[in-house]
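See below for the structure under consideration.
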Amino acid sequence: MRHSLLKSLSVVILSIMLLPVSMQAQNAKIKFDIDRKIGEVDKNIYGNFVEHLGRCVYGGVYEPSSILSDADGYRKDVMDAVKGLNISLIRYPGGNFVSNYHWLDGVGSKDQRVPRLELAWARLETNEFGTNEFIKYCRTIGSEPYLSVNMGTGTIEEAQRWVEYCNVKEGPYYAELRKKHGFPEPYNVKYWSLGNEMDGFWQMGHLNAEDYSKKARETAKLMRLTSPDIKLVAAGSSNYRPNANPDLWNRTILTELKDVIDYIALHIYVGNPDNNYYNFLSTPLVMEQRTDIARGMIKEVMQTANRPGRTPIFIAWDEYNVWYRARTTEAMKGTRALEEKYNLEDALVIGGFLNVFIRNADIVKMANMAQLVNVIAPIFCEEKGMFKQTIYYPLEMFAKNMHGTSLDVFVDCGTYNTEEFYIGLGESKTKQTNVPYLDISATYKEGEVVICVVNRNKDQSIKTDILSQTGEFSGSIKVYEINGPDIKAMNDFGTENVKTVTKPDLKATGNSLTYSFPAHSLTMLKAIIK
Ligand code: AHR
C-alpha cells in the first residue's frame, strides 16, 4: 500500500518535472511602495535614430516626390506616426554611415551637393538631406537633435567645424556659412556622440581602445571650446563576438575619458534565429547584465574623476532593437536594406528592454531605438502609405506613460531556465537561469502609479496579487494590453493583429488588487494611490 502510494507520488512529481517549461507557471505576487525609489526616469530614454541607410531617410522620413509629403518633402503620414511615439531626441546621421560622412557635403544649395558612394550600406548618397533638413524635421516633430561626429575618416577639426556651424551665433566662418544657408539662429545642438561603434572591426576607420580614447579626448576638447554646454557620448561596446573583449574596451575608454564624457553608449541587437521563444524572451536580461557591468565600471572610475560642476557619467543605450531576419549579406545592402518585419514576440522583447531602462533609471539616461522608419523600425512605409509594426506599440505605451520616479518593485513569480543560445548574429553564447515569467517595471508621478508587465509565459495567464505598500488604490484602475492571436502575429498594410487595446477598468479593495496577466502579453495598469 505504502509502496504504491510512493510510486504514484513519484509519477506525479515526475510528470510535473516533465511538463514543458511553459506549463509550470504559478500564481504571482507584486508589491510596490511609492517610497522605494530607483531614480528619475529621463525622457531621453524614449529617443530614436535616423541613419542614411536603406529607406530610413530617402523614401521614409523624406520623399519630396510623394503626394503624401509636405512642402519640405517630409512624409506626412510617417510624421503623424512618429509624433505618436513622443520621441525625446533623434540620433543622426549614423550608425556605420557616419564613419565616412563629411557633413559639409550635406549643407548649402541642394543643386550643388555632391553625390558620394556610400560604403557602409552600398548606396549612392545624394546628400539631398543633411544637417538643416534633419534639424528642421526635429523641430517639426518636437524632438531634440543628437548628432554623431565622424571618428573614422573624419578629423577633429571637421567635428569642431560642425559644432561651430550648429551652435555659434555669428562671427567665425562656419557660423556665417549657416547664416548664408538661410538659418540665422544657432541650433544649440546639445547632444553629440564621439563616433559610432569604434570597437567594431566593420567600422570604417576602426580604432583600438587607446587610439579611440586619444582621438575622442582631443575631439571633445575642440568641440567644448567651441560650445561649452554640449553633452558628449563616447562609443562604448558594441562588439560581443567571441574574440572581442567588450568589457576591456569599456573599462579603457571610461578610464581614459572619465573627465570628458557625459554618457557611455552601448549597443544591443537580439534575435530569434533558432525559433526558440523562451530563449528569445530572456534577452532583455542580457541587456540588464551589461547595464550592471557598465554601472560598476562607471562607479569605479568616478572615484578618481575630475569633473567639477558636471553630472556623473550615465549609460546611453544608444542603439537597441530586434534585428536578425534582415541580416544576411544581401539584406544588408542597397536601398531596401534592413527591412525587418516584426511580430508579437519581438514586441514583447521590446517591452522587456523598456522595462530594463525603467528599472535602471538611476544610470540609464538615454536610449535610442534603432531605427525610426523602414530600417529595423517601428514604422514601415511604401509609396501607397504606412503601417505601424508590432514594436511601435510598446514604445508608444512607455513613451506616453512611463515618466516620473522609477519604483523598486518586489516580484515573486515562477521562473524558467534557457538553453545555451546566441542572442544575436555573430555574438558569443549565453545561458539565462531563473528568468522570471513576469517582467515588471513601475513609475510614480503626481499620485499615479503606472505598472508595465510582460507575461513571458507562452501558454498561461498568471494570476497576480498586487499590493500597494504605501497608500491605497483610489478610483478605478485603467488597463491597457498589447497582445495578439499568437506569438508570430504580425501587422501589415491594412492589418493590425498586434496593437494596444483598452481593457475594462478594475476595482481594487483598499491596498490590494488581483489581476491575471494573459499569456504572451504586455499589460499596463494605471492607478491613483492615496
Ligand atoms: O542600426 C544599424 C547599424 O547597426 C548601425 O549603422 C550600426 O551602428 C550598428 O551596427
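Counting starts at 1 for both ligands and their atoms, following the listed order. The figures that follow rest on heavy atoms only: side chains count, while hydrogens, waters and symmetry mates do not.
Under the 4.0 Å criterion applied to side-chain N and carboxylate O atoms, Glu218 and Lys215 are not assigned as salt-bridge partners.
Using a 4.0 Å cut-off between heavy atoms, Trp121 contacts ligand 1 through its side chain alone, with no backbone atom that close. Under 4.0 angstrom from ligand 1, the non-hydrogen atoms of Ile376 all belong to its side chain.
For the pair Asn196 and ligand 1, the shortest N or O to N or O distance falls below 3.5 Å. In terms of polar-atom proximity, His267 is not counted as a contact of ligand 1, lacking any N or O under 3.5 Å from an N or O of the ligand.
Not a single heavy atom of Phe97 lies less than 4.0 angstrom from ligand 1.
Other residues, nucleotides and ligands contribute at most 12 non-hydrogen atoms within 6.0 Å of the NZ atom of Lys221.
Atom 1 (O) of ligand 1 has Tyr269 OH, 2.7 Å as its closest protein atom, hydrogens excluded (heavy atom only). Looking at atom 7 (C) of ligand 1, its nearest protein heavy atom turns out to be Asn96 OD1, 3.2 Å. Nearest protein heavy-atom neighbour of atom 8 (O) of ligand 1: Glu319 OE2, 2.7 Å.
Between the side chains of His520 and Tyr277, no donor-acceptor pair of N or O atoms lies under 3.5 Å.
In this pair, Tyr58 and His52 present their aromatic rings perpendicular. The plane angle is above 60°, beyond the 30 to 60° band. Ring geometry for Trp103 versus Trp162: interplanar angle under 30°, hence parallel rather than tilted (30 to 60°). Aromatic ring pairs are classed by plane angle as parallel below 30°, tilted from 30° to 60° and perpendicular above 60°; the pair Phe129 and Tyr74 is perpendicular.
Those atoms of ligand 1 that come under 4.0 Å of a heavy atom in Glu197, given as number and element, are 7 (C), 8 (O), 9 (C), 10 (O). Here is the list of ligand 1 atoms found below 4.0 Å of a heavy atom in Glu51: 5 (C), 6 (O).
When each of Ile45, Leu395, Val454, Val349 is paired with Leu354, the side-chain contact (heavy atoms from CB on, under 4.5 Å) condition holds for Leu395 and for no other.
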